[in-house]
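As structure tokens, the structure follows; a few thoughts come after it.
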Amino acid sequence: MINALRGMKDTLSPQSETYVYMIKTCSRIAEQYGFSFVETPILEETALFKRSVGESSDIVGKEMYQFIDKGENDVCLRPEGTAGVVRAFIQQKYDKAGEKKRFFYHGPMFRYERPQKGRLRQFHQFGAESFGESDVREDATIILMLKAMFEALGIGFTLEINSLGCPACMPQYRTTLVKFLETREGLCEDCERRKLTNPIRVLDCKNEHCKVLLADAPLIIDHLCVTCKEDFTTLKHILDQFDVAYVVNPKLVRGLDYYSKTAFEFVSNEIGAQSAIAGGGRYDRLVEFLDGKATPAVGFAMGIERLMELVKMPETRREGYYIAALCDEAKEIVFKLVDEKRKTEKVLTSYASKSLQNHLKAADKLYVKFCVCIGEDELAKQSVWIKDLESKEEKIINMAHF
RNA sequence: GUGGGUGUAGCUCAGUCGGUUAGAGCAUCAGGUUGUGGUUCUGAGGGUCGUGGGUUCGAUCCCCAUCACUCACCCCA
């Protein structure tokens, strides 16, 4: 027997109904916020992710499904969605046009990790990216949009925000931080490495000893330039105004290298250790990094599998018809009626002729609203017997009027 | 990559201090005097007890390995 690969899952009913419901709900809301659907390839040139996500990240460093294709191209399955959308944005020359563009996407992402609760090798994200808008109100809007999505889906969350600074203040802070780190002895191996590659990430270290050593580390939030500081204040102000509860987490850094300024994370405490349900922020320099014309941008991604078990689905109601034969002679007309009715309704059937009791049981189980049967009596009178399984009303109507 | 837990019927799980034909509930299918469901009754089908090796007269049970699933670390959505 051949099984699905490790960390890869089939999604069947009823989970698939939840999946579809989530995509529909989030897509609708994204459209209301002016975003349009974009579909980009799952397979991309490896360089795209090395340059965008960053070689210092674990995602690129050790989690990519990377291989050489038959044309000798170094390619990989996308580990996240932003890079592809940015690439498409630049390839369409939207950067040069200078228009504001807003996109949303959803689909599979791939990371070669050890699977656990809320972490798969092939998982799905819903995300959105906004290009050309540098106003911090866009950052706030994206957070409000996410809030609207979670509310529509009945999902509770806590929101953490931070500012990572911009080219005007971040490098300076970085130097300050590195100097501080030089004074600390006994950081873990990972942190020693990060010190050189991406010192900001050291702050996010989960190692208890490191936490102690870093307790009084300088924080970016205290070293922001005037603009960044003002923007962060505006963001907090808007969130207050719209009753979005949040906590400022000065040690919140995004795992991907391209973020700057606003960074945020939506967290749930109901789904195990992998508690981040959505994350995002501003990445004003990424378009440039990928050879486009400098374009401010902000976006987010949410993990669909992590949210699936939190979604509160609307109540399902009985729906559609079950049409079946009580005797072999009725089979032919039943088959015809089924096909006819399917032009306008959901119709289920049985190819076997069985007792009324059996058909009622089957219809009930399939959770349809109407059970329709045709037997000897109905054939003789050219009628159908129909029962509403909710109201229990039943009647016999002319076949032509069914 | 590292560590813990678990692998018995389609599903959820019992069980054998190592002993002959391995059980239950749910689900499925067939019936309950010839046309009335969701909460009835009866019966049936369905298992190489994850795989390979070892110990033993004998292993589903003990030991080793392996694979899978799962949770956590790490990382991240």
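Labels below follow one simple rule: chain letters A, B, ... track the order of the sequence lines, proteins then strands, and each chain is numbered from 1. Just so you know, these numbers use all the heavy atoms, side chains as well, and skip hydrogens, waters and symmetry mates.
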Selection from G37(B), G35(B), A72(B) that lies nearest to any side-chain heavy atom of Arg114(A): A72(B)

With both distances under 3.5 angstrom, what nucleotide forms a Watson-Crick or G-U wobble pair with A77(B)? none

Suppose you measure atom P in U60(B) against the same atom in G53(B); what distance do you get, rounded to whole Å? 12 Å

Atom-to-atom span, NZ of Lys361(A) to P of G35(B) - whole angstrom: 15 Å

Same-atom distance (C1') from U21(B) to U39(B), integer angstrom: 36 Å

Looking only at A72(B), A77(B), U40(B), the nucleotide nearest the Ala276(A) side chain is A77(B)

Under 30°, 30 to 60°, or over 60°: which ring-plane class applies to Phe150(A) and Phe157(A), parallel, tilted or perpendicular? tilted

Looking at every strand, decide which applies to Asp377(A) at a 4.0 Å heavy-atom threshold: base, sugar-phosphate, or nothing. base

Considering only heavy side-chain atoms of Arg6(A), the closest of A77(B), G37(B), C69(B) is C69(B)

Taking atom P in both C73(B) and C29(B), compute the distance separating them and give it to the nearest angstrom. 44 Å

Which of the following nucleotides, C73(B), G38(B), G35(B), is nearest to the side chain of Trp385(A)? G35(B)

Rounding to an integer number of angstrom, what distance separates G25(B) and G45(B) when you compare their P atoms? 15 Å

What does Glu390(A) touch in the nucleic acid at a heavy-atom separation under 4.0 angstrom: a base, only the sugar-phosphate, or nothing? nothing

Whole-Å gap separating C1' (U70(B)) and CE (Met8(A)): 18 Å

Hey, which sits more toward the 5' end of RNA chain B by its nearest nucleotide, Gly7(A) or Gly118(A)? Gly7(A)

With no hydrogens and no angle check, just 3.5 Å: does a side-chain donor-acceptor pair link Ser13(A) and Glu17(A)? yes

Distance-only, no hydrogens or angles: does the Arg318(A) side chain make a donor-acceptor pair with backbone N or O of Val368(A) under 3.5 Å? yes

Among Lys62(A), Arg6(A), Arg119(A), the one residue meeting salt bridge (charged side-chain N to carboxylate O under 4.0 Å, His left out) with Glu113(A): Arg119(A)

Answer with base, sugar-phosphate or nothing: what part of the nucleic acid does Ala301(A) contact at a heavy-atom distance below 4.0 Å? sugar-phosphate

Of the candidates G38(B), G1(B), A77(B), the side chain of Asp364(A) sits closest to G38(B)

To the nearest angstrom, the CZ-P distance between Phe150(A) and A77(B) comes to 13 Å

A77(B), OP1 or OP2 - any side-chain N/O from Arg78(A) closer than 4.0 Å? no

Between A27(B) atom P and Leu366(A) atom CG, what is the distance in whole Å? 15 Å

Less than 4.0 angstrom between a side-chain N/O of Gln357(A) and OP1 or OP2 of U36(B), yes or no? no

Touch class at under 4.0 angstrom, heavy-atom based, for Gly280(A) against every strand present: nothing

With a 3.5 Å limit on both atom pairs, tell me what A65(B) is paired to, counting Watson-Crick and G-U wobble, or say none. U51(B)

Take atom P in C26(B) and the same atom in U42(B), then report the distance between them in whole Å. 11 Å

Please determine, for A30(B), whether a Watson-Crick or G-U wobble partner exists with both distances under 3.5 Å, and give it or none. U42(B)

Closest approach to the side chain of Leu389(A), judged atom by atom: which nucleotide of G35(B), A72(B), G37(B) is it? G37(B)

Identify whether any heavy atom of Arg318(A) sits under 4.0 Å from a base atom; if not, whether one sits that close to sugar-phosphate; answer base, sugar-phosphate or nothing. base

Under a 3.5 Å limit on both distances, the Watson-Crick or wobble mate of G3(B) is C71(B)

Below 4.0 angstrom from OP1 or OP2 of U70(B), is there any side-chain N or O of Lys9(A)? yes

Assert: residue with more 5' nearest nucleotide on RNA chain B, out of Lys365(A) and Ala362(A), is Lys365(A)

Can you tell me how far C1' of A77(B) sits from CG of Leu146(A), to the nearest Å? 11 Å

Between Gln274(A) and A77(B), is there a side-chain N or O to OP1/OP2 distance below 4.0 Å? no

Nucleotide nearest Glu113(A) (side chain, heavy atoms from C-beta), chosen from C76(B), G37(B), A77(B): A77(B)

Are Gln66(A) and Asp74(A) linked by a side-chain donor-acceptor pair shorter than 3.5 Å? yes

Of the nucleotides C73(B), A77(B), C71(B), which has the atom closest to the Lys117(A) side chain? C71(B)

Pairwise C1' distance for C17(B) and U12(B), with rounding to whole Å: 26 Å

State whether the distance check finds a donor on one side and an acceptor on the other, under 3.5 Å, for side chain Arg306(A) versus base C76(B). yes

Checking N1-N3 plus N6-O4 or O6-N4 for Watson-Crick, or N1-O2 and O6-N3 for wobble, each under 3.5 Å, the partner of G25(B) is C11(B)

Which part of the nucleic acid does Glu394(A) contact within heavy-atom distance under 4.0 Å: base, sugar-phosphate only, or nothing? base

Do the rings of Tyr283(A) and Phe131(A) sit parallel, tilted or perpendicular, given the 30° and 60° boundaries? perpendicular

Any donor-acceptor pair under 3.5 Å joining the side chain of Lys392(A) to the base of G38(B)? yes

Indicate, yes or no, whether a donor-acceptor pair under 3.5 Å links the base of G35(B) to the side chain of Glu378(A). yes

Is a donor-acceptor pair below 3.5 Å formed from side chain Arg119(A) to base C74(B), judging by atom type as modelled? yes

Which value, in whole Å, describes the distance between the P atoms of nucleotides U66(B) and G3(B)? 12 Å

What is the base-pairing partner of U60(B), counting Watson-Crick and G-U wobble geometry with both distances under 3.5 Å? none

Winner on side-chain proximity to Asn358(A), out of G31(B), C73(B), A77(B), is G31(B)

When only distance counts, do a donor and an acceptor, one from the side chain of Gln116(A) and one from the base of C69(B), lie under 3.5 Å apart? no

Figure out the CG/P separation between Leu120(A) and A72(B), and round it to whole Å. 13 Å

Euclidean distance, Arg111(A) CZ relative to Met64(A) CE, rounded to 0.5 Å: 11.0 Å

Plane angle bin for Phe103(A) and Tyr94(A) - parallel if under 30°, tilted between 30 and 60°, otherwise perpendicular: parallel

Tell me the ring pair (Phe, Tyr, Trp, His ring centres under 6.0 Å) pairs involving residues 353-377 of chain A, sequence neighbours left out? Tyr321(A)-Phe370(A), Tyr322(A)-His359(A)

Which whole-number value in Å describes the distance from Leu12(A) CG to C11(B) P? 13 Å

Taking atom C1' in both G50(B) and U70(B), what distance in whole Å separates the two? 15 Å

Separation of A77(B) atom P from Ile277(A) atom CD1, nearest Å, is 13 Å

Are the side chain of Ser134(A) and the backbone N or O of Pro296(A) linked by a donor-acceptor pair below 3.5 Å? no

